[in-house]
Chemist: 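I'd like to ask you about the structure that follows.
None of these values were measured; they are calculated from a predicted model.
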Amino acid sequence: MNTQQKLIFLNCLILFFFLQIYSIKTSKGVFYHFSDLHLDIFADPTKYSSNNYCRQSSKFNAFDLENCVCSTRLNLSRKLRGNISTNGTYGSFGCDTTPALLQSFLEEANKREPQPDFIIVTGDLSAHALQGQDTYDCITYSLNNITKYFPNTPIYPILGNNDVFADYYLPCGPNMWLESIWPLWENFIPSNQEQNFVKYGAFSIPLLGSKNSLQLIGLNTVFFSRKHIPENKKSDNCGHLDWLNDQLKSAYENKQKVWLAGHIPPGIDPYSADMLWKNQTNADFFKIIQPFIENNVITATLWGHEHIDDFRAFGATLPGNPSTSIIIPALLAPAITPVYNENPAFRKLYYDQNSFNILNFDKFSLDLIQANNVGPNWILEYSFNSLYTTNSLNSDQLANVFFEIWQNQTLFNDYWNHRSSLCPTTTTSLQLQQSALCAIPSIDLIFFTSCLTDLQN
């Protein structure tokens, strides 16, 4: 080999080396985050009235209807319907997801990305206020249809408060309900998780195969909720937080990254201006996860329940205020159900396959009124990075987005409109807007009250 050939060979090696580095740095994966499908296989939008869920009365669970379902938010959403007629094949504001809406959503998701790396479903597969067997049947129908449209994709369903019977009712496990639904979950998570599931309604699994270094911990936040029935007097919430701490320690020792996924997020519900979890549970949770955020073990947290397109930067403070020790990122997925006056929507997310940081998401939504009048037309509503000029959804950048929304009225208006997926009948008041903004960084009610004071001054 002459000198010129050696130089060419050397240049080729250098080029190959840099291409490999570039490939590693830009390795991007894609997954779906679905939440709050609330499928109602008994839905009939033609039967809509202010006193029902587009469903015959015999299919209601009276306990849920009296204690949990007829909330201020639901009643307000029904009043806001006004003269806007949305009754039709694809459902109605104030009512849960029809089978036709579920099919339309899954067809659109399959069209947008037929082979995602995986799908995470953060709970509430079943409609509100159903009887036990009907709840089971709606969960089964939802999971079967997700599988139908994504037969070769790993699917990871998380337990929501409407996936137990009755709503929020779940004794410490093992219990009959968790044992009865385990055969459904066994189709999606490994059989070695049966003990974790029937005891906690939770699981901890390698997300992308046994050789991968990313662990998905699926939490059962029904135990954490301040609405949990029967109320558990123990501070450990049926041992679930101790179990979580053990899983995180194991991941740290094995040099794994972790994504946490649950239905009900921690922090503040902007609609009630109150805690979503029991106070002590909320405090213990943040105390447990903080060192694993600091050590970059937990790189993402994913939630649902609120039915809105939102995010949290827990612990973020405004410029000029004392900073907290750590900021905890959280992504709250929009809902498929239009029950609380939001258009149906879902997210397609992008992540770094080496660092396991979430990089961006595209959000797709459906104009429900238009769908019932002329047929469904799902649109790309927005891309997070394009709207907020970010390149990642890590804690620092989510905190910066919070600062920008706080300071820029135009950007806040965009944020507010996207929360409800561009629904024209959504609730709007200055008080709710302030609560929504202050819920983004607030770990607890003390933080939330302080934020509201800053905002109102």
Chemist: Only counting residues at least two apart or in another chain, list the ones meeting side-chain hydrogen bond (donor to acceptor under 3.5 Å, both in side chains) with Thr390.
Modeler: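 Thr390 satisfies side-chain hydrogen bond (donor to acceptor under 3.5 Å, both in side chains) with Asn385 once adjacent residues are dropped.
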
Chemist: Taking only residues two or more places apart in sequence, or in another chain, which ones meet Asp117 in a side-chain contact (heavy atoms from CB on, under 4.5 Å)?
Modeler: Leu208, Tyr351, Gln353

Chemist: What residues, two or more places apart in sequence or in another chain, satisfy salt bridge (Lys or Arg N to Asp or Glu O under 4.0 Å) together with Asp274?
Modeler: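 Per chain and number, Asp274 pairs via salt bridge (Lys or Arg N to Asp or Glu O under 4.0 Å) with Arg226.
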
Chemist: Any chance the side chains of Gln247 and Ser204 put a donor and an acceptor closer than 3.5 Å?
Modeler: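 Yes, a side-chain donor-acceptor pair sits under 3.5 Å.
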
Chemist: Can the ring centroids of Trp406 and Tyr415 be said to lie less than 6.0 angstrom from one another?
Modeler: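 Not under 6.0 Å, so no.
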
Chemist: Measure the spacing between CG of Leu332 and NE2 of His307 and express it to the nearest 0.5 Å.
Modeler: 11.0 Å

Chemist: Can you name the ring pair (Phe, Tyr, Trp, His ring centres under 6.0 Å) partners of Tyr382, sequence neighbours left out?
Modeler: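 Tyr382: ring pair (Phe, Tyr, Trp, His ring centres under 6.0 Å) contacts with Phe361, His418.
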
Chemist: Working to the nearest 0.5 angstrom, can you tell me the gap between Ile205 CD1 and Ile189 CD1?
Modeler: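 Result: 6.5 Å between the selected atoms.
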
Chemist: With a 6.0 Å cut-off on ring centres, are Trp177 and Tyr169 close enough?
Modeler: no

Chemist: Applying ring pair (Phe, Tyr, Trp, His ring centres under 6.0 Å), can you list everything that pairs with Phe285, at least two apart in sequence or on another chain?
Modeler: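 Scan of Phe285 (ring pair (Phe, Tyr, Trp, His ring centres under 6.0 Å), adjacent residues dropped) gives Trp277.
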
Chemist: Would Asp414 and Tyr388 count as having a side-chain donor-acceptor pair, cut-off 3.5 Å?
Modeler: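 No, Tyr388 and Asp414 have no side-chain donor paired with an acceptor closer than 3.5 Å.
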
Chemist: Do Ser272 and Asp269 have a side chain donor and acceptor closer than 3.5 Å?
Modeler: yes

Chemist: Does the pair Glu253 and Lys249 meet the rule for a salt bridge (charged side-chain N to carboxylate O under 4.0 Å, His left out), with working shown?
Modeler: CA-CA 6 Å; Glu253 292 167 357; Lys249 287 179 179 178; over 6 Å; no

Chemist: Please name all residues satisfying ring pair (Phe, Tyr, Trp, His ring centres under 6.0 Å) with Tyr200, sequence neighbours left out, ordered by chain then number.
Modeler: His240, Trp243

Chemist: Any side-chain heavy atom of Phe188 sitting closer than 4.5 Å to one from Tyr156?
Modeler: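 No, their side chains stay 4.5 Å or more apart.
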
Chemist: Applying side-chain hydrogen bond (donor to acceptor under 3.5 Å, both in side chains), can you list everything that pairs with His33, at least two apart in sequence or on another chain?
Modeler: Thr122

Chemist: I'd like to check the disulfide (SG to SG under 2.5 Å) partners of Cys138; sequence neighbours left out, ordered by chain and number.
Modeler: none

Chemist: Using a 3.5 Å distance criterion without hydrogens, assess whether the side chain of Lys227 forms a donor-acceptor pair with backbone atoms of Val222.
Modeler: no

Chemist: Asn391 and Gln397: side-chain donor and acceptor closer than 3.5 Å?
Modeler: yes

Chemist: So does Pro329 get a backbone contact from the side chain of Ser395, meaning a donor-acceptor N/O pair under 3.5 Å?
Modeler: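 Judged by distance alone, no pair lies under 3.5 Å.
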
Chemist: Run the ring pair (Phe, Tyr, Trp, His ring centres under 6.0 Å) test against Tyr141 and tell me which residues pass, sequence neighbours left out.
Modeler: none

Chemist: Output all residues satisfying salt bridge (Lys or Arg N to Asp or Glu O under 4.0 Å) with Glu381, sequence neighbours left out; order by chain, then residue number.
Modeler: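 For Glu381 the salt bridge (Lys or Arg N to Asp or Glu O under 4.0 Å) partners, ignoring immediate neighbours, are Lys363.
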
Chemist: Which residues pass the side-chain hydrogen bond (donor to acceptor under 3.5 Å, both in side chains) test with Thr449, not counting sequence neighbours?
Modeler: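 Testing Thr449 for side-chain hydrogen bond (donor to acceptor under 3.5 Å, both in side chains), a comparison that skips the adjacent residues, returns none.
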
Chemist: Would you please name every residue forming a side-chain hydrogen bond (donor to acceptor under 3.5 Å, both in side chains) with Trp303, sequence neighbours left out?
Modeler: Thr301

Chemist: Taking atom types as modelled, is there a side-chain donor on Asp124 or His305 under 3.5 Å from an acceptor on the other?
Modeler: no

Chemist: Could you check Thr281, Asn220, Thr221 and say which one makes a side chain to side chain donor-acceptor pair (under 3.5 Å) with Asn237?
Modeler: Thr281

Chemist: Do side-chain atoms of His38 reach the backbone of Ile336 as a donor and acceptor pair under 3.5 angstrom?
Modeler: no

Chemist: Look up atom CG in Leu106 and atom CD1 in Ile119, then write down how far apart they are to the nearest 0.5 Å.
Modeler: 8.0 Å

